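In what follows, chains are A, B, ... by sequence order, proteins preceding strands, each numbered from 1. No experiment lies behind these values; they were computed from the predicted model shown.
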Amino acid sequence: MKYDFSKIEKKWQDRWDESGVFRAKDPGEPGSEKKKFYALVEFPYPSGAGMHVGHIKAYSGLEVISRKRRMEGYNVMFPMGFDAFGLPTENYAIKTGMHPRAVTDKNIEKFTGQLRRVGFSFDWSRVVDTTEEDYYRWTQWIFLKMFEKGLAFRDAALVNYCPSCKVVLSNEDSQGGKCDICHSDIVQKSKDVWYLRITEYADKLLNGLEGVDYLPQVKQQQVNWIGRSEGAFVNFSLAGKDEKLRIYTTRPDTLFGVTFMVMAPEHPLIDKYADSISNMDAVLAYRAECAKKTEFERTQLVKEKTGVKLEGLTAVNPINGREIPIFLADYVMMGYGTGAIMAVPAHDQRDWDFAHKFGIDVIEVIKGGDVTVEAYTGDGEMVNSGFLNGYTNKKDSIRRAVEELKRLGVGEGGVQFKMKDWAFNRQRYWGEPIPIIHCPHCGMVPVPYEELPLRLPEMKEFAPGQGGESPLARIESYVNCKCPKCGGDARRETDTMPQWAGSSWYFLRYIDPHNDKCFADPEKLAYWLPVDWYNGGMEHVTRHMIYSRFWHKFLYDLGLVPTSEPYAKRTAQGLILGPDGEKMSKSKGNVVDPNDVVDEYGADVLRTYTLFMGDYASAAPWSDSSVRGCKRFLERVDDLFSIAKGKGVTPELETAFHKTVKKVSEDYEAMKFNTAIAAMMGLINDIFEVGHLTEDELVTFIKLLCPVAPHICEEINEKLGNKTMLCVSEWPTYDEAKTVDHTVEVAVQINGKLRGTIMLPKDCPKDEAIAAAKADVRVIPFIEGKTVIKEIAVPNKIVNIVVK
RNA sequence: GCCGGUGUGGUGGAAUAGGUAGACACAAGGGACUUAAAAUCCCUCGCCCCUAAAAGCGUACCGGUUCGAGUCCGGUCACCGGCACCA
């Protein structure tokens, strides 16, 4: 007997909507006295292709948790929105001649339709769209706060530039030397760019990880991204000059092994002492050559070291007075540390390679390897190192070296981070305008807060300008303005913000999405924060999560949000691969559209399958035939109604029910949805074997299943005559004592090999279990005529008899 | 190269304070019902073996610890993710 899913799914979606059961209650409203639970999923980028089933899986996890929490009596907020600024929309708009606004609206409508059909329990009254004026007004507002505090600043820099998209990209966006959006090669270009000083929060971002419940891999990735290293700054003097060459090292205890210095080709001291450098031509040529390479090429390739020696300029080791040569080499970067290093070829492979090529001395200072063959990077006894000789512990020798540097006044301990400041501007139309005015007299002047939002002006042609100019620069009426400070003629900043901006604080706006006085009411923030559980993809745990944690911590320091961390817990779902086992993509033609699945099988089947297909955190390929298995399961659930009679319990099923309630309750919490569903499948198999169950038991069953397949469960509940909707009824409980069987099957092993099984009463004493095992007909042949050496009995599990 | 993860039937995957490997599904094969098909129901389903039982072999590979190892330890290989000349 098949149920008409298209009819009942629409019916229940409408009822949930009309009754407002999924609306989160703000402080003061009836219902807000309950404990709050804020579940957050990463809001989608509304692309023209629409959603694929991977989105559904990403939201289904916390959908189940949210529905369970409501049944457990929580006031739940589970919101949804759209991260809609960005290049794909703009590129599509340029291609088709549509306006990005129209494209965005159309895509959001499509996404909303897809989401609605799946029956998610989102609070649709809180939808945010990062491209709406009411939203980006506050994105700009937060930016101005950062500007006010000196965290948003402008600086000339070599930037990653994408010649195809005609934009400047952050390092994060140009990983691998390729543009993140169009995958063309990045080139280096000098330009004035906006930065957010995220490095100022490096320590806070790192330390904050101690107090949050993130998946260990998530934490580890963030730690690596921030990349804190402890070491020392050392000042080498330039021979014959009153000048210091400052370097950073993580191994100040290897100072006696320094045989040369390396500076980044762009190092400013080179220009300052150009007169002293006799081979300046070669130096400049080398520098020009390096400028052609991207940072990726400089750092990525395992290539032969290149470099050039500075003739006429040498450095002096402050610890032993030794005069050493200075080289330029592109393996040293201006952007990390001080742009110069002390080279210890005996104990750093890069330095060793370089020394080997240029015929420089190698001095061993740590025993343990053969430094004539390769660098030795392990631990060992310090040698050839003056006051450090004899140290064997790395920590101790470093501490001693730092003390000595300090005493001599030539250096001090210090910390470096791998994380760089965040390049924050794009020369594109479809983004938040940066609300800054450039005045020839007053410099950079913020647009007054009361004039926000600074609206994105209307344009017909918004293709980027030549040479990386923002299209906004072409609108005279926009560019030309008066300085808010002095009233004189001024020019407006024409760059826009990157897509990461809007997603850095959206979880705050959900809390109070319609507020026009501030980004969110403090009382509401105090009630809802922090986000109790945030789920999303592993690909966002460094960039998006670190950026948003940075914004949140900034707002916390201003006293504008009540918690220092935005997210109390973070989990991640795995991808859904195409049926061919490849990552789903339009070009491969292996994308599965949730609408097609809903049309053919219904939303409940789609939801069940995305959760049943495998471990939630792992990638798994889509399988059409496996979807049919979930359909059969739900049809069998529907069939339960016809065999449910009377009240009370079915004795044969009682233990199975208690076990299943326990298992499903626990598995949902651990996001082990696949085994939870398997347990319910197992139970339904048991029920059909018995042939009947009670109405009470059926209610328990559909309550367990309803977070996964809510429509069919609500329908059955109604057919049973229950007036309260299942989604607001109480989560079932179980009796721990009734989850255990009275007789258990115990395995019998002889010498560790399974030879039989025996049924024993639960908690049967060891000696009785062993006696029973020995008496088993299948076991007797294996012990007859042999000497028993040892007998092991694990209660309710196993008996192992060792014989000889 | 470094860091992290994974490796289990034809397939997706279960099972780790060490204790009956393959739960739950999918696919496949056989049967029932049907004029027939679909749907549904029943049976079989790691390998070896003509079949069945028994025995033997099986959780990437090699070795170790243990009464007992998918699980712990050492080594090897493969794949996936992240970072990458980071001083």
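For A:Leu754 and B:C67, the CG to P distance is 19 Å, given to the nearest whole Å.
The residue A:Phe612 sits close to a base: some heavy atom pair falls under 4.0 Å. Heavy atoms of A:Glu791 sit nowhere under 4.0 angstrom from any nucleic acid atom.
Across all non-hydrogen atoms, the minimal contact from A:Ala264 to A:Leu328 is O-CD2, 3.9 Å. Here the closest heavy-atom approach between residue A:Ala676 and residue A:Val664 is recorded as O-CG2, 3.7 Å.
Side-chain atoms of A:Trp352 come within 3.5 Å of backbone N or O of A:Val371 as a donor-acceptor pair. Side-chain atoms of A:Arg607 do not come within 3.5 Å of backbone N or O of A:Ala709 as any donor-acceptor pair. Under the 3.5 Å distance criterion, the side-chain polar atoms of A:Gln222 are left unmatched by any main-chain donor or acceptor of A:Leu206. Under a 3.5 Å cut-off, the side chain of A:Tyr214 and the backbone N or O of A:Leu209 do not form any donor-acceptor pair.
Residue A:Lys672 is the one, among A:Lys672 and A:Gln749, whose nearest nucleotide of RNA chain B lies closer to the 5' end (criterion: closest heavy atom). Nearest-nucleotide mapping onto RNA chain B: of A:Val627 and A:Val799, the residue sitting toward the 5' end is A:Val799.
Evaluated for a side chain to side chain donor-acceptor pair (under 3.5 Å) with A:Asn796, the options A:Thr743, A:Asp741, A:Asp763 yield exactly one hit, A:Asp763.
Distance from the side chain of A:Ser626 is smallest to B:C26 among B:C83, B:C26, B:A87. Of the candidates B:C24, B:G19, B:G13, the closest approach to any side-chain atom of A:Asn685 belongs to B:C24. Between B:C67, B:A27, B:G56, one nucleotide has an atom nearer to the side chain of A:Arg628 than all others, and that is B:A27. Among the nucleotides B:A87, B:C3, B:A14, the one closest to the side chain of A:Thr249 is B:A87. Nearest to the side chain of A:Ser229, among B:A15, B:A87, B:C86, sits B:A87. Nearest to the side chain of A:Val794, among B:A55, B:G13, B:G19, sits B:G19. The side chain of A:Ile792 lies closest to B:C67, out of B:C67, B:C41, B:C26. With B:A55, B:G19, B:C67 as the candidates, the nucleotide lying closest to the side chain of A:Arg755 is B:A55. Here the side chain of A:Asp615 is nearest to one of B:A87, B:C24, B:A14, namely B:A14. Among B:A87, B:G13, B:C26, the nucleotide with an atom closest to any side-chain atom of A:Asn674 is B:G13.
Here A:Arg228 does not reach the OP1 or OP2 of B:C86: none of its side-chain N or O atoms lies under 4.0 Å away. When the side-chain nitrogen and oxygen atoms of A:Lys797 are compared with OP1 and OP2 of B:G19, none of them lie within a distance under 4.0 Å. Applying the 4.0 Å criterion to OP1 and OP2 of B:G1, one finds that A:Arg350 has every side-chain N and O outside that range. Between A:Lys753 and B:C57, a side-chain N or O to OP1/OP2 separation shorter than 4.0 Å is present.
Comparing B:A15 with B:C83, their P atoms sit 30 Å apart, to the nearest whole Å. With both ends at atom C1', the span from B:C62 to B:A84 equals 32 Å, rounded to whole Å. For the P atom pair drawn from B:C41 and B:G22, the interatomic distance equals 24 Å after rounding to whole Å. B:G75 and B:G68 are spaced 23 Å apart, taking the P atom of each and rounding to whole Å. As rounded to the nearest Å, B:U35 and B:C49 have C1' atoms that lie 42 Å from one another. For the P atoms, the distance from B:A78 to B:C72 is 22 Å, rounded to whole Å. B:G64 sits 12 Å from B:A69 when the P atoms are compared, rounded to a whole Å.
B:G9 adopts a syn glycosidic conformation, its chi angle falling within 90° of 0.
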